[in-house]
J.: 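Below you will find the structure I want to go over with you.
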Amino acid sequence: MRIVMASSEAVPFAKTGGLADVASSLSKSLARAGHDVWLIVPHYPQAIQQQGDLGVDIEPTGETLDISIGSKRVAGGILKSSIVGSDVNVLLIDRPEYFDRPGLYQEKGEDFSDNCERFVFFSRAGVEATRQLNIRPDVVHANDWQTGLVPALLALEYRQTPGFEKTASIFTIHNMAFQGQFWHWDMALTGIDWKHFNTREMEYYGDINLLKTGIVFCDIATTVSPTYSREIQTEEFGCGLHGVLCEKGDRLVGILNGVDTDVWNPETDSALAKNYAAPRNGDVSDMTRAKGACKSDLQKRQGLPVREDVPLFGMISRLTDQKGLDLTVDCFDQAMELDLQMTFLGTGDARYEDFLSDAARRHPEKIATTIGFDDALARRIEAGADIFLMPSRYEPCGLNQMYSQMYGTVPIVRRVGGLADSVVDASGENLQAGTATGFCFDNYESDALLEQIQRAVRSYADRSEWMKLVQTGMQQDWSWKRSAAEYLTVYDRAREFHRS
């Protein structure tokens, strides 16, 4: 199958969130399965410069683009590159006026005022590059609002264009909260007939909505976990588009994201004090010793007393309400009555940064806080912590709960979105069945989170029960191979639907 993946970011070229990981990891997995994969992203010179050595070259193709944006013509170029260790063909859409900026979408916390124009250009340029290079895709897979125009272009303008007659469109929603909503006059930038600016297609409360556009015009919409696909069809989680999503019916599919095991793997992770593998044949001794070394290394680095007997909690997160920081703060004093340690890593709302920094000063023997992002420290927390906190208000998929299980760290999660699909509660029944991997709660209340923290502390003291949780978690398959196989099934369905 020939697959074009369109994304506004992808590792290693540019990243602000999980979309970049998904775009590159899924592309790599599809290519390894024998498919011809083309990944199309904008060329962000400043973001690439910040990355340092990408490990791959970026070269010109000699191809130029002449794209219609509203009433003007905009020139662009096509560069080519690759992803280390894969056969993915990478195309970068070059237009310095749009993409050579300090940030991908915003600067100093403010969105660029021309974001609609920038990503209308990228969407049109990506489809046109596909035509000019004669890729003739079976599937075009667009992601999030930045490429929401792509399914509309395929349906309304390119359907009869040579090379696109059999092209099906997939559109993946990574987070309903980000919709690409712009004032109605930006409709003119798209070049699509104003008759499509209506409540069933591109209009949303008087504005143009590019996420809605992608959902409406794609052959099949996907999102990043089965539970989230159900949640977003409700008023609580649908962010105003639940009705549109309900209308997709069985053409809305949830597929849990995977983990790039080339990158996240405790056997090979160079950041760890000692590498280790999942226990084999029930022998946990090697893993226990290595994980203990990682724990003491983390405690030393974070300025915490080195104690093997105390459960060490980790949290790596944006410090916002969405990630459950309000619950964490509300039950903090009660948690401090327990014999435990906690280490926090992240940035976000000033009130949470200040609270956690002050907590580390007030409880230096129990709390360590690092404000910022540090990839090596994130890996050390995943390996050195005993328990991982992820009490999200909502979570489309989440990856840290998967990393944690792979690294032998037991997650505490709220049962929403991808967290509900990837963590099995340590109930007596699940422990007996050998399926339990963590601690789950339902009600978004601080008392519910505190109860799980207390459960985890009690369970940690029972080493037999604890090692069952650790082993079961480490035996799960979170690789992209599993997820890619589900996407291929969806691609086949979309092609059948497109032909009908």
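Note that the structure is predicted; figures quoted are calculated from it, not measured.
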J.: I need the minimum non-hydrogen distance between Pro226 and Ser229, along with the two atoms involved.
T.: O-OG, 2.5 Å
J.: Apply the test side chain to side chain contact (heavy atoms under 4.5 Å, CB included) to residues Leu245 and Met176: give CA-CA distance (whole Å), side-chain angles for both, the deciding distance (0.1 Å), then the verdict.
T.: CA-CA 11 Å; Leu245 292 158; Met176 286 298 302; 3.8 Å; yes
J.: Ala456 and Ile412: which non-hydrogen atoms are nearest, and at how many Å?
T.: CB-CD1, 3.9 Å
J.: Could you verify whether a donor N or O on one side chain and an acceptor N or O on the other, from Ser479 and Arg482, lie under 3.5 Å apart?
T.: no
J.: State, yes or no, whether a side-chain contact exists between Arg101 and Glu107 at a heavy-atom distance under 4.5 Å.
T.: no
J.: Going by an N to O cut-off under 4.0 Å, is there a salt bridge joining Asp269 and Arg380?
T.: no
J.: If the condition is ring pair (Phe, Tyr, Trp, His ring centres under 6.0 Å), which residues does Tyr98 pass it with, not counting sequence neighbours?
T.: Phe121
J.: Please verify the inter-ring angle class for Trp145 with Phe119; under 30° counts as parallel, over 60° as perpendicular, anything in between as tilted.
T.: perpendicular
J.: Is any NZ, NE, NH1 or NH2 atom of the basic residue among Arg415 and Asp425 found under 4.0 Å from an Asp or Glu carboxylate oxygen of the other?
T.: no
J.: Indicate every side-chain donor-acceptor pair of residues 340-347 with a distance under 3.5 Å to a residue at least two apart or in another chain.
T.:
residue	atom	partner	partner atom	Å
Gln341	OE1	Gln299	NE2	2.8
Gln341	NE2	Pro305	O	3.0
Thr343	OG1	Gln302	NE2	2.9

J.: Can you name the salt bridge (charged side-chain N to carboxylate O under 4.0 Å, His left out) partners of Asp297, sequence neighbours left out?
T.: Arg301
J.: Return the minimal non-hydrogen interatomic distance between Glu231 and Val416, and the atom names on each side.
T.: OE2-CA, 3.5 Å
J.: Check whether the side chains of Thr172 and Thr222 place a donor and an acceptor atom closer than 3.5 Å, and report yes or no.
T.: yes
J.: Please tell me whether Asp326 and Tyr444 have a donor and an acceptor in their side chains that are separated by less than 3.5 angstrom.
T.: yes
J.: Heavy atoms only: give me the nearest Ala10-Ala23 pair and the separation to one decimal.
T.: CB-CB, 4.1 Å
J.: Asn400 pairs by side chain to side chain contact (heavy atoms under 4.5 Å, CB included) with which of Glu395, Gln405, Glu382?
T.: Glu382
J.: Less than 4.5 Å apart, side chain to side chain, heavy atoms only: is that true for Trp480 and Lys28?
T.: no
J.: Any side-chain heavy atom of Leu399 sitting closer than 4.5 Å to one from Trp478?
T.: no
J.: Could you report the tightest heavy-atom contact between Lys468 and Thr472, atom names first, then the distance?
T.: O-OG1, 2.8 Å
J.: Before you tell me yes or no, could you show the steps for Phe355 and Phe332 under ring pair (Phe, Tyr, Trp, His ring centres under 6.0 Å), namely the whole-Å CA-CA distance, both residues' side-chain angles and the distance that decides it to 0.1 Å?
T.: CA-CA 10 Å; Phe355 180 90; Phe332 184 82; 5.3 Å; yes
J.: Distance alone, cut at 3.5 Å: any donor-acceptor contact between the side chains of Glu9 and Tyr105?
T.: yes
J.: Can you classify the ring geometry of His184 versus Phe197 as parallel (below 30°), tilted (30 to 60°) or perpendicular (above 60°)?
T.: tilted
J.: Any side-chain donor-acceptor pair under 3.5 Å between Gln106 and Asp111?
T.: yes
J.: Tell me whether Glu97 is salt-bridged to Arg95, with the criterion being a basic N under 4.0 Å from an acidic carboxylate O.
T.: yes
J.: Between Arg251 and Asp219, is there a salt bridge with N-O shorter than 4.0 Å?
T.: no
J.: Can you check side chain to side chain contact (heavy atoms under 4.5 Å, CB included) on Leu298 and Leu377, steps first, answer last?
T.: CA-CA 8 Å; Leu298 177 62; Leu377 178 57; 3.9 Å; yes
J.: Please step through side chain to side chain contact (heavy atoms under 4.5 Å, CB included) for the pair Leu92 and Ser81, ending with a clear verdict.
T.: CA-CA 8 Å; Leu92 297 102; Ser81 189; 3.8 Å; yes
J.: Compute whether any side-chain donor of one residue and acceptor of the other, for Ser7 and Asn143, lie under 3.5 angstrom apart.
T.: no
J.: Which pair of non-hydrogen atoms, one from Val84 and one from Leu54, has the smallest distance, and what is that distance?
T.: CG2-O, 4.3 Å
J.: State, yes or no, whether a side-chain contact exists between Val470 and Val410 at a heavy-atom distance under 4.5 Å.
T.: yes
